[in-house]
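See structure below.
Whatever order the structure lists ligands and atoms in, that order sets their numbers, starting from 1. Please read these numbers as outputs of a predicted model, since none were measured by experiment. Sequence positions, counted from 1, serve as the residue numbers for this chain.
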Amino acid sequence: MQNERIVGILLCAGSSQRMGFDKLMRPLAGKSAIERSMKALVDGGVTELIFVVSESTDRYVRALNCPVPSSVVGGGSTRSDSVRNALLSSDGDVAVIHDAARCLVSPDLVRSCIRSAAEFGSGVAAIPLTDTVFRKTDSCVSPVSREGLMRMQTPQAFHYESIRKAYAEQTVPATDDCSVFLQSGNTPCFVPGSEDNFKLTFPDDFTRAERRLLLYGTGFDTHRLVEKRKLILGGVEIPFDKGLLGHSDADALTHAVMDALLSAGGLPDIGHLFPDTDPEFEGADSIQLLKQVVSLLAAKKLHPRQISATIIAQRPKMAPYLPEMSRRLAEAAGIPPASVALGATTTEGMNDEGRGLCISVQAIASLC
Ligand code: MG
């Protein structure tokens, strides 16, 4: 396939009526569905890209940094019109048509479709139906044999001229490219699709995609327990005869949470961001620093989803203060208090925590 023109046609023109927001442009773990689909097509071997846009996605798509030569065409009133517009705007050896809403497509699947098209004239991602199927009409309900039934996905790749000709001859409405290819007298070749390659259609699909794309990070912090210091954890002052020693308010819980969030987002740790040699952070309220961390992540289109932490301390008893700590951390992170799970443990008198020399915290956080 060396020197062949593998033209990706990325459909970014669908409306998001069933979603209630623009599903194609909203970030999922930092990247929109359009960006994710674009990257998968390019990583899978597409050498140039045609974006098919709607009025709402036009400006967004034009501002993208596409790594291969690209062009933008307006969508038509139906999916078929959109694909036809794109096919007529260019030429090439293979056309790889893909719905941007299938943004978890893998580069491997794109590559398989392209190979099949280059060798056999077409490569259509499809998966066999495994659920029992019923047909319901006004008068009756009856089972349908699922033998031989398949669910069509995208990418769907074809010899460029064959699919362009098929669209030129199309007389019957179709919801995918394979149907149009078939109408024109061609026999499609199928490539095993993937259950992960689902289409963002309903709000639940967005949640499902977010779960697949969650980023995780861990954090750990420990501070020495000394006299004449306040004991502050999770932004809550706890009555005790000792407090944690540090340059800031030494809130080990909030520090561990910040490091967990930063590591999930691939950012430098708090030692880099808020060095203890900087007078600006002397006595700093760590909850305010957490808010800064959340802003830094938001600039990367990343948002906290879950935080969990364990406080390791022999004394004092933490349980009465955990709900208020969760509330304060949640407020600073911009998530519901139920998304912050805190626990506490002693070390049964062992180790420095057990001897009351320090308090340590382990944290884990997820972002999307
Ligand atoms: Mg610290």
*Indicate yes or no: does Arg146 engage Asp131 in a salt bridge with an N to O separation below 4.0 Å.*
no

_Gap between atom OG1 of Thr187 and atom CG of Leu182 - 0.5 Å precision_ = 7.5 Å

*Report the distance from atom CD1 of Ile163 to atom CZ of Arg84, rounding to the nearest 0.5 Å.*
10.5 Å

*Could you grab the distance from atom OH of Tyr321 to atom CD of Glu237, nearest 0.5 Å is fine?*
10.0 Å

*With a 3.5 Å cut-off and no angle check, do the side chains of Ser77 and Asp81 form a donor-acceptor pair?*
yes

*Using a cut-off of 2.8 Å, find all protein N, O or S atoms closer to the Mg ion (ligand 1) than that distance.*
Asp221 OD2, His223 NE2, His255 ND1

*Does Arg208 make a cation-pi contact with Phe198, if we ask for NZ or CZ under 6.0 Å from the ring centre and within 45° of the axis?*
yes

